[in-house]
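Hydrogens, waters and symmetry mates are skipped; everything else that's a heavy atom, side chains included, is used.
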Amino acid sequence: MPDIPRTSVLPVAARSGTAPHTADPRPHARPAIFAGRGAGRPGLAMFVNAGDPPLARLPELVAMLDEQGVDCLELAVPFPRSATDGPVIRRSAERALAGGATLAAVLDAVAAVRPGLRRLRIALLADWSHSVKGTGLGEFHRAVADAGCDALLLHGLPPRLRAAHVESAHHAGLPLVTTCYAVSSPQTVAAAARDASAYVYLVAHYGRSGTSATAGPGQLAYALAALRAGTTLPVAVGFGVRTGEDIAALGRTGADAAVVGSAGVARIEQATDEGSDPVEEFASFVRELRRPSV
């Protein structure tokens, strides 16, 4: 799959010279992601590849998540052959790419839906090599911020560019999501805590998304404590989170939020394969996650 054209980074309004949408999309004008969650009541982030379901369905999808009280949509600009994703999310990305979900199309879609949301925040996930390489960091960060994204998680960024990425995003008013593993070195954990300005994504185990083995409560609690020594921002835990019981268990461990990925994407795939409505199936899954655990 070829990289998207580098001229397609900016949303349509910026490329055409038309006036941008009037609502202020800047993240600093909104409450923080996962704000208002008390101890033992973790927030919820749902992962979706933009374009699966098709981008035309994004307004319905985000409205549903907003109504259901989901805190964050982790919206990925699809890219092929992800080394950190399992087969479910890889197939989803291929469907989205086949449907024409480029970075420019995704930013235009976010700009259209973001002003109408009440609670839901959108954290954009983009891959450095597929969506950003060859474009100036400043141009990219401004485009993401101007589209109304509340945060950015940049996948596969070369370490030598990390400091420039953090500085450029700060100048654009774009909060950053950083990542580390439960088994990461103390230096990596400290860097994730230092560079985050939206939240830290703590990956519960090393491997591809969709696998079930996760760090035990003791290991997660240790990693959470290490992160909190360096930041007061929320820590969201993901990989292997499939049920409401999983989310409740993370809350007891001390996580501020849970990130659900492959399990929800699998429901979208199932609905697509069966010819049923993927947004309705995803809504059903979110309701299952929201049921009080026994």
Side-chain angles (χ1 to χ4, degrees), residues 1 42-102 105-106 109-110 113 120 122-125 127 153 155 201 203-205 207-214 236-250 257-294:
M1 182 68 64
L44 178 60
M46 301 296 298
F47 171 93
V48 170
N49 269 308
D52 183 47
L55 281 178
R57 305 294 304 278
L58 188 65
E60 300 167 65
L61 182 71
V62 298
M64 177 275 292
L65 295 174
D66 202 22
E67 183 179 350
Q68 294 286 341
V70 172
D71 298 276
C72 181
L73 170 61
E74 187 180 295
L75 187 66
V77 181
F79 58 98
R81 302 176 297 278
S82 170
T84 56
D85 287 322
V88 170
I89 290 181
R90 281 187 168 201
R91 289 194 299 267
S92 171
E94 293 296 344
R95 290 192 297 271
L97 288 166
T102 63
V106 173
V110 171
V113 301
L120 183 71
I122 297 177
L124 191 79
L125 188 159
D127 178 69
L153 196 169
H155 175 272
Y201 185 173
V203 182
H205 67 92
R208 288 183 176 178
S209 60
T211 54
S212 58
T214 60
V237 179
F239 275 49
V241 183
R242 291 181 169 83
T243 67
E245 289 74 18
D246 292 338
I247 296 171
L250 289 177
V259 183
V260 180
S262 295
V265 174
R267 297 285 283 267
I268 293 172
E269 182 175 59
Q270 178 184 351
T272 301
D273 290 344
E274 295 176 352
S276 55
D277 190 323
V279 175
E280 286 297 326
E281 184 61 29
F282 200 66
S284 176
F285 178 62
V286 172
R287 288 192 292 269
E288 292 172 16
L289 294 175
R290 285 306 202 187
R291 288 174 190 154
S293 58
V294 178

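With rounding to the nearest 0.5 Å, the separation of CG in Leu55 from CG in Leu75 is 8.0 Å. Note that the CG atom of Leu153 and the CZ atom of Phe47 stand 10.0 Å from one another [nearest 0.5 Å]. Interatomic distance, CZ of Arg95 versus CZ of Arg90, reported as 14.0 Å (0.5 Å rounding). Atoms CD1 and CD, on Ile268 and Glu280 in that order, are 12.5 Å from each other to the nearest 0.5 Å. Separation of atoms CD (Glu288) and CZ (Arg242) is listed at 14.0 Å; rounding is to 0.5 Å. Here SG of Cys72 is found 8.5 Å from CD1 of Ile122. Values are rounded to the nearest 0.5 Å.
Contact between Glu74 and Leu125 at its shortest, heavy atoms only, is OE2-CD1, 3.5 Å. Pro59 and Val62 get closest at one heavy-atom pair: O-CG2, 3.5 Å. Heavy atoms only, all atoms of each residue included: Glu281 and Ala271 are closest at CB-CB, 3.7 Å. Smallest separation of non-hydrogen atoms from Phe239 and Tyr201: CD1-OH, 3.4 Å. Residues Ala101 and Pro78 approach most closely at O-CG, 3.5 Å, considering heavy atoms. Closest non-hydrogen pair, Leu73 versus Leu58, comes out as CD2-CD1, 4.5 Å.
Panel note: side chain Asp71, backbone Ala45; no donor-acceptor pair is recorded below 3.5 Å. Using modelled atom types, no side-chain atom of Arg267 and backbone atom of Ser284 make a donor-acceptor pair closer than 3.5 Å. Judged by distance alone, the side chain of Ser92 and the main-chain N or O of Val88 form no donor-acceptor pair under 3.5 Å. A donor-acceptor contact shorter than 3.5 Å is absent between the side chain of Asp52 and the backbone of Ala96. Distance alone, capped at 3.5 Å, is enough to place a donor-acceptor pair between the Asp246 side chain and the Thr243 backbone.
Residues Arg290 and Leu44 have side chains in contact (heavy-atom distance under 4.5 Å, counting atoms from C-beta outward).
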**Q.** Full working for side chain to side chain contact (heavy atoms under 4.5 Å, CB included) between Leu65 and Phe282
**A.** CA-CA 9 Å; Leu65 295 174; Phe282 200 66; 4.0 Å; yes

Q: Give the C-alpha distance, both sets of side-chain angles, the deciding distance and a yes or no for side chain to side chain contact (heavy atoms under 4.5 Å, CB included) between Val241 and Val259.
A: CA-CA 7 Å; Val241 183; Val259 183; over 6 Å; no

**Q.** Step-by-step side chain to side chain contact (heavy atoms under 4.5 Å, CB included) determination, Leu289 to Met46
**A.** CA-CA 11 Å; Leu289 294 175; Met46 301 296 298; 3.8 Å; yes

Q: Could you go through the side chain to side chain contact (heavy atoms under 4.5 Å, CB included) check for Asn49 and Ile89 one step at a time?
A: CA-CA 8 Å; Asn49 269 308; Ile89 290 181; 3.7 Å; yes

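The pair Asp277-Arg57 counts as a salt bridge, with a side-chain nitrogen and a carboxylate oxygen less than 4.0 angstrom apart.
Annotation: Gln270, atom CD; neighbour count of heavy atoms from other residues, nucleotides and ligands within 6.0 Å is above 12.
Evaluation of the ring-ring contact (aromatic ring centres under 6.0 Å, His included) rule for Phe79 yields His155 as partners, not counting sequence neighbours.
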